[in-house]
Trainee: 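Provided herewith is a single structure, encoded as structure tokens, for subsequent inquiry.
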Amino acid sequence: MLEINYIREHTQEVIERLARKNVDATARINSIIAIDQKRRDTQKLLDDQLGELNIIAKEVGQLFKEGKQQEANLLKVRTVELKASAKKFEDQLQAILQELNEMLVLLPNLPHASVPAGKTPDDNEIIHSEGEMPKLTADAVPHWDLCSRYDIVDFELGNKITGAGFPVYKGKGARLQRALINFFLDNAVAAGYREIQPPLMVNEASAYGTGQLPDKDGQMYFATIDKLYLIPTAEVPVTNIYRDVILKAAELPVKNVAYSNCFRREAGSYGKDVRGLNRLHQFDKVEIVQVEHPDRSYETLEVMKEHVAGLLRKLELPFRVLRLCGGDMGFTSALTYDFEVFSAAQEKWLEVSSVSNFESFQANRMKLRFKDENGKTRLAHTLNGSALALPRIVAALLENNQCAEGIKMPAALQAYTGWSMID
RNA sequence: GGAGAGAUGGCCGAGUGGUCGAAGGCGCACGCCUGGAAAGUGUGUAUACGCCAAAAGUGUAUCAUGGGUUCGAAUCCCAUUCUCUCCGCCA
């Protein structure tokens, strides 16, 4: 959530930058500023009433002590009207605050200066490409066919047990999952991240904290009886560790990594994009999350980007890095790099990681702060990235490494799988 | 699920109607002491919002959360949430 003070002091800039996310916020910003003015005026009135009330209360106490009942009772009369008007202002203030918050919470984050203008994924800027494109034989097939040929991922069985988007991993497929998870976690820990095993369900406050609510309401599975959300990413519980926390400057950066299942309803998705492992309701992901000093968050974003690139390199997958354009960026992000691997048999790029700097957007929602060098309390910056999400990595590994004998595993994974070939 | 106890500052912990944003201790910061350190000692040490150009200052709110009683609530009442203990169930 954007800071109200910032909006007030940089009104025109905020409007212009939101326009780069294709959001015309002029009217909204203007009414936010008007409401904020009303908020301050009302609070002044309220505080004055309460202040007078406090003074009278003290005087009454003093008079009682001195045995001056009469005078005390006289003063009490005044409190009746004061309390009435205080109540009135209090109600007004509450209503104003709620209105203000509802508007603020619906404003997306401001894009970083380097974010290209654009509306669709076609406008994303390709900033890096790397790796050999695999040359497959004519009889190469998409991963869903490989999954059934080698009986490693069973979509039909998932349909039976749960429904579409909940595949069952079997045999070497299951082992490959476990290998990738450990491979990703080990790499993150080697890079200085602390391993976290978070809850897979979160409460409403946490879902608000990282910005899933109210923006993505309806995209999360919700356990109604207990009012808990299944996490769409480990980012939610891991970042919320620091909700309402004030860190010391020396504690920054905070680096956490978590493996978790991720649950997404993906309401509105359809067609061939959802085929096989391309889009699932439940999938596995290793997420890296950092809390960083505002002065260093963009350097850190680059480091995180390199970490992800290193993983793909070790997996010997051809990949490219995109800087997302304003229109394709997430609600909460200021700058996002997407990683895509080339899935040879589908002949398309699959998004496998998204690395973002949220600046103070999440921090402001969850009141994640730190004491800076001068002892001032400031909002921290939060960043996260997938390192990595499994299903599309699996899809690419299967498709790109298929050969007559089976599917070859990259060398870096063999220590984790215990075998070199799916056959 | 049943019965009971509880929730106070970064932590421990005192506080049952006013002088309480809250004793005391620990921790932390800075200073003194020291060759340096420990010990000792002094001072300071919550957050948010408002007023003020701003620092200083000052107003308001906050003792789990939300209501209520009262001139006045950490303290009394009600509801909710959470924690702990015992019982039940259970990997």
Side-chain angles (χ1 to χ4, degrees), chain A residues 1-10 32-105 197 199-209 223-229 237 240-252 254 261 291 360 362-380:
Chain A
M1 163 161 88
L2 300 177
E3 293 173 83
I4 181 67
N5 290 342
Y6 192 87
I7 296 176
R8 198 164 58 218
E9 286 156 26
H10 306 83
I32 281 171
I33 286 173
I35 293 166
D36 182 54
Q37 184 59 50
K38 210 162 71 181
R39 180 206 116 229
R40 286 186 292 161
D41 295 344
T42 309
Q43 187 180 336
K44 178 96 180 79
L45 292 168
L46 207 215
D47 285 357
D48 288 347
Q49 307 287 301
L50 292 176
E52 195 178 340
L53 225 30
N54 284 342
I55 289 166
I56 292 177
K58 282 206 179 75
E59 285 174 1
V60 169
Q62 189 59 33
L63 289 171
F64 272 128
K65 207 177 273 177
E66 293 167 8
K68 297 176 181 167
Q69 298 277 340
Q70 294 279 320
E71 292 177 43
N73 287 332
L74 228 55
L75 267 180
K76 281 195 203 175
V77 177
R78 169 77 178 137
T79 66
V80 175
E81 51 186 285
L82 275 174
K83 276 206 277 190
S85 58
K87 176 83 178 119
K88 190 184 76 190
F89 291 134
E90 173 75 45
D91 291 347
Q92 282 177 14
L93 185 61
Q94 285 312 317
I96 290 167
L97 283 172
Q98 193 186 336
E99 191 184 357
L100 186 60
N101 191 54
E102 277 167 10
M103 297 198 74
L104 281 173
V105 116
Q197 196 171 97
L200 302 180
M201 304 184 100
V202 295
N203 57 29
E204 194 180 29
S206 294
Y208 263 98
T224 53
I225 293 179
D226 296 300
K227 297 197 175 74
L228 296 173
Y229 295 87
N240 271 283
I241 292 173
Y242 304 96
R243 174 152 48 85
D244 291 318
V245 167
I246 301 178
L247 296 158
K248 296 184 184 121
E251 292 177 273
L252 301 176
V254 170
N261 297 114
V291 181
S360 61
Q362 293 180 328
N364 188 35
R365 287 186 174 221
M366 63 173 79
K367 302 301 166 220
L368 193 188
R369 291 161 294 175
F370 73 103
K371 289 256 189 231
D372 74 6
E373 304 68 31
N374 306 315
K376 238 185 101 192
T377 305
R378 295 168 61 190
L379 292 171

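Only heavy atoms go into these numbers, but all of them, side chains included; no hydrogens, no water, no symmetry mates. The sequence lines fix the lettering, A, B, ..., with proteins before strands; numbering per chain opens at 1.
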Trainee: I'd like the P distance from B:rG27 over to B:rU81, given in whole Å.
Mentor: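 Going atom to atom, P in each nucleotide, I get 39 Å.
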Trainee: From the list B:rC71, B:rG50, B:rG68, which nucleotide is the closest neighbour of the side chain of A:Phe64?
Mentor: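 Between B:rC71, B:rG50, B:rG68, the one nearest the side chain of A:Phe64 would be B:rC71.
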Trainee: Taking atom C1' of B:rG50 as reference, at what distance in whole Å does atom CZ of A:Phe89 sit?
Mentor: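 Rounded to whole Å, this separation is 15 Å.
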Trainee: Give none if B:rU69 has no partner; otherwise give the nucleotide forming a Watson-Crick or G-U wobble pair with it, both distances under 3.5 Å.
Mentor: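 Pair assignment: B:rU69 / none.
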Trainee: Has the side chain of A:Arg365 got a donor or acceptor atom that lies under 3.5 Å from a matching backbone atom of A:Arg243?
Mentor: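 Answer holds: no.
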Trainee: Begin from the C-alpha positions of A:Met201 and A:Asp226 and carry the test side chain to side chain contact (heavy atoms under 4.5 Å, CB included) through to its verdict.
Mentor: CA-CA 10 Å; A:Met201 304 184 100; A:Asp226 296 300; over 6 Å; no
Trainee: Among the candidates B:rC71, B:rG68, B:rU47, find the nucleotide nearest to the side-chain atoms of A:Lys87.
Mentor: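 Selected nucleotide (nearest to the side chain): B:rG68.
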Trainee: Between A:Lys58 and A:Gln94, which has a closest nucleotide on RNA chain B that is more 5'?
Mentor: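 The answer here is A:Lys58.
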Trainee: Measure CG/A:Asp47 against P/B:rA48 and give the value in whole Å, please.
Mentor: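 Rounded to whole Å, this separation is 16 Å.
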Trainee: In Watson-Crick or G-U wobble terms, both distances under 3.5 Å, what is the partner of B:rA23?
Mentor: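 For B:rA23, the partner nucleotide comes out as none, under the 3.5 Å rule.
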Trainee: Using the C1' atom on both, measure B:rG72 against B:rC82 and round to a whole Å.
Mentor: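 Looking at atom C1' only, B:rG72 and B:rC82 are 30 Å apart.
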Trainee: Out of B:rU47, B:rG18, B:rA61, which nucleotide sits closest to the side chain of A:Leu50?
Mentor: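 The listed nucleotide nearest to A:Leu50's side chain is B:rA61.
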Trainee: If I pick the P atom on B:rG44 and the same atom on B:rC84, what distance separates them, to the nearest angstrom?
Mentor: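 So the two P atoms sit 38 Å from each other.
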Trainee: Using the side-chain hydrogen bond (donor to acceptor under 3.5 Å, both in side chains) rule, take A:Gln98 and A:Gln94 through it: C-alpha gap first, then chi angles, then the decisive distance, then the call.
Mentor: CA-CA 6 Å; A:Gln98 193 186 336; A:Gln94 285 312 317; over 6 Å; no
Trainee: Which base, if any, makes a Watson-Crick or G-U wobble pair with B:rG40, both distances under 3.5 Å?
Mentor: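 Here B:rG40 is engaged in a pair, and the nucleotide opposite it is B:rC32.
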Trainee: Between B:rG88 and B:rG1, how far apart are the C1' atoms? Round to whole Å, please.
Mentor: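 To the nearest whole Å, 7 Å.
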Trainee: Nearest nucleotide by nearest heavy atom, which residue falls closer to the 5' end of RNA chain B, A:Arg39 or A:Gly61?
Mentor: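 Counting from the 5' end, the first nearest nucleotide belongs to A:Gly61.
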Trainee: Working note: A:Asn101 + A:Met1, criterion side chain to side chain contact (heavy atoms under 4.5 Å, CB included); need CA distance, chi angles, decisive distance, verdict.
Mentor: CA-CA 9 Å; A:Asn101 191 54; A:Met1 163 161 88; 3.8 Å; yes
Trainee: When you compare the side chain of A:Phe64 with that of A:Gln69, does any pair of heavy atoms fall below 4.5 Å?
Mentor: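 In contact.
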Trainee: For A:Leu63, which contact category applies under a 4.0 Å heavy-atom criterion: base, sugar-phosphate, or nothing?
Mentor: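 Answer is nothing: A:Leu63 stays at 4.0 Å or more from every strand.
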Trainee: Taking the C1' atom of each, how far is B:rU83 from B:rA91, in whole Å?
Mentor: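 Pairwise C1' distance, B:rU83 against B:rA91, rounds to 23 Å.
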Trainee: Under a 3.5 Å limit for both distances, which nucleotide forms a Watson-Crick or G-U wobble pair with B:rA53, could you say?
Mentor: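 Across any shown strand, B:rA53 pairs with none.
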Trainee: What is the distance, to the nearest angstrom, from the CG atom on A:Asn54 to the P atom on B:rU70?
Mentor: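 Rounding to the nearest Å, CG of A:Asn54 and P of B:rU70 are 17 Å apart.
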Trainee: What is the distance, rounded to the nearest whole Å, between atom CZ of A:Phe370 and atom C1' of B:rA46?
Mentor: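 One finds 18 Å between C1' of B:rA46 and CZ of A:Phe370, rounded.
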Trainee: Using Watson-Crick or G-U wobble geometry with both distances below 3.5 Å, tell me the partner of B:rG17, or none.
Mentor: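 No nucleotide pairs with B:rG17.
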Trainee: If I take atom NZ in residue A:Lys227 and atom P in nucleotide B:rU80, what distance separates them, rounded to the nearest angstrom?
Mentor: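 After rounding, the reported distance stands at 13 Å.
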Trainee: Give none if B:rA74 has no partner; otherwise give the nucleotide forming a Watson-Crick or G-U wobble pair with it, both distances under 3.5 Å.
Mentor: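 Partner of B:rA74: none.
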Trainee: Atom NZ of A:Lys76 to atom C1' of B:rG18: distance rounded to whole Å?
Mentor: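 So the two atoms are 13 Å apart, to the nearest Å.
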Trainee: Going by purine N1 to pyrimidine N3 plus the second Watson-Crick contact, or the G-U wobble pair, all under 3.5 Å, which nucleotide sits opposite B:rU80?
Mentor: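 Pairing partner, where one exists within any strand: B:rA64.
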Trainee: Can a side chain N or O of A:Arg369 be found less than 4.0 Å away from OP1 or OP2 on B:rU47?
Mentor: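 So the side chain of A:Arg369 is outside the cut-off, no N or O lying under 4.0 Å from OP1 or OP2 of B:rU47.
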Trainee: Determine whether A:Asp36 and A:Arg39 satisfy the following criterion, salt bridge (charged side-chain N to carboxylate O under 4.0 Å, His left out), listing intermediate values before the conclusion.
Mentor: CA-CA 5 Å; A:Asp36 182 54; A:Arg39 180 206 116 229; 2.3 Å; yes
Trainee: Taking atom CD of A:Gln70 as the centre, report whether more than 12 heavy atoms of other residues, nucleotides or ligands fall under 6.0 Å from it.
Mentor: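 No, the 6.0 Å shell around CD holds no more than 12 heavy atoms from other groups.
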Trainee: Among the nucleotides B:rA46, B:rG50, B:rG59, which one has an atom lying closest to any side-chain atom of A:Lys371?
Mentor: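 That would be B:rA46.
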Trainee: Choose from B:rC49, B:rU47, B:rC71 the nucleotide whose nearest atom is closest to any side-chain atom of A:Gln43.
Mentor: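 Of the candidates, B:rC49 comes closest.
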Trainee: For B:rC89, which nucleotide in any strand shown is its Watson-Crick or wobble partner with both distances under 3.5 Å?
Mentor: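 Base partner found: none.
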Trainee: Determine, step by step, whether A:Asn240 and A:Val202 satisfy the side chain to side chain contact (heavy atoms under 4.5 Å, CB included) criterion, reporting the C-alpha distance in whole Å, the side-chain angles of both residues, the deciding distance to 0.1 Å, and the verdict.
Mentor: CA-CA 9 Å; A:Asn240 271 283; A:Val202 295; over 6 Å; no
Trainee: Report the nucleotide, chosen from B:rC51, B:rC49, B:rU47, that has the shortest atom-to-atom distance to any side-chain atom of A:Lys44.
Mentor: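 Minimum distance to the A:Lys44 side chain belongs to B:rC51.
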Trainee: Taking the minimum atom-to-atom distance to the side chain of A:Ala57, which one of B:rG50, B:rU47, B:rG18 wins?
Mentor: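 Nearest to the side-chain atoms of A:Ala57, counting from C-beta on, is B:rG18.
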Trainee: Expressed in whole Å, how much space separates the P atoms belonging to B:rC11 and B:rU47?
Mentor: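 Each nucleotide's P atom is 14 Å from the other's.
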Trainee: Where the side chain of A:Lys83 is concerned, which of B:rC71, B:rG50, B:rA48 is the nearest nucleotide?
Mentor: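 Per side-chain heavy atoms of A:Lys83, the pick is B:rC71.
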Trainee: A:Glu251 CD to B:rG27 C1': how many Å, rounded?
Mentor: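 Going from CD in A:Glu251 over to C1' in B:rG27 covers 14 Å.
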Trainee: Would you tell me if any nitrogen or oxygen in the side chain of A:Thr79 comes within less than 4.0 Å of OP1 or OP2 on B:rG72?
Mentor: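 Result: no.
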Trainee: Could you check how far CG of A:Asp244 sits from C1' of B:rA48, rounded to whole Å?
Mentor: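 About 12 Å, once rounded to whole Å.
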Trainee: How far does the C1' atom of B:rC20 sit from the matching atom of B:rG13, given to the nearest Å?
Mentor: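 16 Å, rounded to whole Å.
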Trainee: Please measure how far the C1' atom in B:rA48 lies from the corresponding atom in B:rC63, and state the result in whole Å.
Mentor: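 About 16 Å, rounded to a whole number of Å.
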